[in-house]
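One structure is given here, and the rest of the page talks about it.
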Amino acid sequence: MSRTAAVIGSGFGGLALAIRLQSAGIDTIVVEARDKPGGRAYFWEKEGHLFDAGPTVITDPACLRELWALSGDDMAQDVELLPVSPFYRLSWPDGTVFDYVNDDARLIEQIRALDPADVEGYRRFLDYSAGVYVEGYEKLGAVPFLDFRSMLKAAPQLARYQAWRSVYSIVSGFVRNEKLRQALSYHTLLVGGNPLTTSAIYALIHKLERDGGVWFARGGTNALVSGMVRHFERLGGEVRLGDPVERIETEGGRASAVRARSGWTGRFDAIASNADVVRTYDMLGDARGRRAAARLRRKRFSPSLFVVHFSTSGEWPDLPHHNILFGPRYKELLGEIYRGNGLPDDPSIYLHHPTATDPAMAPAGKSTFYALAPVPHLGRAPLDWDKEGPAYARHILQILEKRALPGLSERLEILFHFGPAEFESELGSHLGSAFSLEPLLTQSAWFRVHNRDDKIPNLYFVGAGTHPGAGIPGVVGSAKATAGLMVEDLLG
Ligand SMILES: Cc1cc2nc3c(=O)[nH]c(=O)nc-3n(C[C@H](O)[C@H](O)[C@H](O)COP(=O)(O)OP(=O)(O)OC[C@H]3O[C@@H](n4cnc5c(N)ncnc54)[C@H](O)[C@@H]3O)c2cc1C
């Protein structure tokens, strides 16, 4: 008789896990609260524009291709990945522009322009990044840390790469130009980490990008999500949309069934949750669940994001796809995002311009954008977002008009935003956090939510709150770790 599994939530982690289980012959159903799959990679279609809600920078495409290769399929039949260059355009208020490209000669030339002495330091940083990439990502990225022993085994590598230091501190040991320090350390923000406090292990992202490239799915990240769903359904899996799970039932200490808001109930041999880790423990509805959720609430959660979606008439041929507009302050701004209780006046902004790579993201002769600024989560800044949201959106657009999109206000068409309140209400995210638990060393690997629950042997976790953490490669790695356990537990 075939074994059955439910995956609660259809984020990248949930879908990757479901594909792995179904590929192994386990009958799997994904139960998603919202009307579309993808989780943070949701999307809206408005007046012919495609607005991706979340991830836009696709790195390590190999971890995605693996999901098709498991069943002898080819990702290319469902998804086309387009290379993006420059990876990012970084700019500062004084007019300095740095195109972060994968062409070594062009990269070095720009580093030399910032400070000739830093060329040598950058080379040594790249070696360091390559080392942590092998140890932290290749070897440990998809390994479940279920006991403290596994953590001790990783300790020598952590010590060798001085994992207790922050990314910014490690980078500063290699290069002295402040802008270059920012350029080589901001990446942790993409997984919810403060460059000033996130473990130096995360410096591996630089090598990940340089080796694997930066990609964009034709049709947007939503096309990658629908490609994953198509592949999963072709394998025989089922996706149930628009029906939030309210209860994970247990019997005799084991997870037995999920009950959704509609009243639909399904019994399964194993249950995995891709939903928020705090909310998942609440779904148990018993004393153990309440205790586990309370313990998690005491941990540090990553900040939220404020995302302004907009469209314009006309095209912007000189503007690349990914743009980082650093604000006038770096360390102080990070302090406000991670510890403050209000909205920074001078945010650093990530500007996403997908029509630069795929003009079909907008009707002919128009452009689609989003601008994103990290903001404190609702636990630190419990603001009235109905009031603050529209004003903050206008503030961000003004900065963009000055620094990247001259004449924007005359060409602006569609405008809407998604912020901390929506992360909480639409995605069920604790405190409206955009990336779940903050990726601190003390909240990583064994210290993060385990891929299998410690007490309920057939309850599993996948996604940003588990090891290794947020970001598409992270949650797809967590799916590999969790699937390994589930397949072993269910099929022996
Ligand atoms: C704006 C933004 C930009 C980002 N940019 C990038 C990027 O460029 N590159 C990158 O690699 N990463 C990026 N990230 C991070 C990355 O998107 C996330 O870490 C990753 O997508 C999270 O995946 P997940 O598997 O944890 O699931 P999530 O995306 O968190 O999905 C969880 C799913 O569970 C569902 N759910 C919750 N509760 C229930 C319930 N009770 N019943 C049923 N379903 C439920 C939710 O509706 C949701 O669909 C970005 C994140 C954001 C927010």
Side-chain angles (χ1 to χ4, degrees), residues 6-18 30-42 51-61 63-64 84 87-88 187 189-192 205 208-209 214-216 221 224-225 228 239-248 258-262 272-280 282-283 302-309 321-322 350 352 370-374 417-420 422-430 432-437 439 449 461-466 468-479 482:
V7 178
I8 304 169
S10 66
F12 267 100
L15 289 176
L17 174 63
V30 175
V31 192
E32 166 58 48
R34 297 170 96 188
D35 63 338
K36 290 184 206 136
R40 276 144 171 86
Y42 191 83
F51 292 99
D52 276 318
T56 58
V57 182
I58 310 290
T59 51
D60 191 16
C63 78
L64 296 167
V84 178
F87 287 172
Y88 302 87
H187 293 78
L189 288 163
L190 308 177
V191 292
I205 299 175
L208 182 93
E209 290 179 343
V214 167
W215 303 84
F216 187 66
T221 307
L224 175 54
V225 170
M228 288 172 83
V239 179
R240 195 184 162 82
L241 295 173
D243 203 5
V245 170
E246 291 190 328
R247 186 54 53 92
I248 299 172
V258 294
R259 178 154 50 80
R261 184 171 297 165
S262 67
S273 179
N274 180 222
D276 180 88
V277 287
V278 176
R279 302 275 165 95
T280 299
D282 283 338
M283 285 180 217
S302 63
S304 194
L305 297 173
F306 184 74
V307 192
V308 187
H309 296 271
H321 187 148
H322 301 301
Y350 159 60
H352 170 53
Y370 88 45
L372 167 165
H417 63 264
F418 191 94
E422 289 78 25
F423 277 100
E424 188 177 53
S425 63
E426 301 268 320
L427 282 154
S429 184
H430 179 58
S433 159
F435 305 91
S436 190
L437 292 164
V449 172
F461 290 86
V462 65
T466 63
I472 294 175
V475 300
V476 169
S478 82
T482 304

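Below, each value reflects all heavy atoms present in this structure, side chains not excepted, and no hydrogens, waters or symmetry copies. Just follow the structure's listing: the first ligand is 1, and inside any ligand the first atom is 1.
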**Prompt:** Between His417 and Phe306, is the ring centre distance below 6.0 Å?
**Reply:** yes
**Prompt:** Mind checking whether Ala53 has a heavy atom under 4.0 Å from ligand 1?
**Reply:** yes
**Request:** Please determine if Tyr370 has a nitrogen or oxygen closer than 3.5 Å to a nitrogen or oxygen of ligand 1.
**Result:** no
**Prompt:** With only distance considered, is Phe423 within less than 3.5 Å of ligand 1 through an N or O on each side?
**Reply:** no
**Item:** Ala275 N/O under 3.5 Å from ligand 1 N/O
**Value:** no
**Message:** Within the structure, is a non-hydrogen atom of Gly428 found at a distance of less than 4.0 Å from ligand 1?
**Reply:** no
**Message:** Between Pro37 and Val30, is there a side-chain heavy-atom distance shorter than 4.5 Å?
**Reply:** no
**Message:** Looking only at distances, can you tell me whether any N or O atom of Arg40, backbone or side chain, sits closer than 3.5 Å to an N or O atom of ligand 1?
**Reply:** yes
**Asked** Taking distance alone, with no angle check, do Ile8 and ligand 1 share an N/O pair under 3.5 Å?
**Response** no
**Prompt:** Any N or O on Glu426 sitting closer than 3.5 Å to an N or O of ligand 1?
**Reply:** no
**Complete:** In short, Tyr370 meets Ala53 closest at the heavy-atom pair CE2-O, 4.0 Å
**Asked** Do ligand 1 and Val57 have nitrogen or oxygen atoms that lie under 3.5 Å from each other?
**Response** yes
**Message:** Would Val475 count as being in polar contact with ligand 1, using the rule that some N or O on each side must be under 3.5 angstrom apart?
**Reply:** no
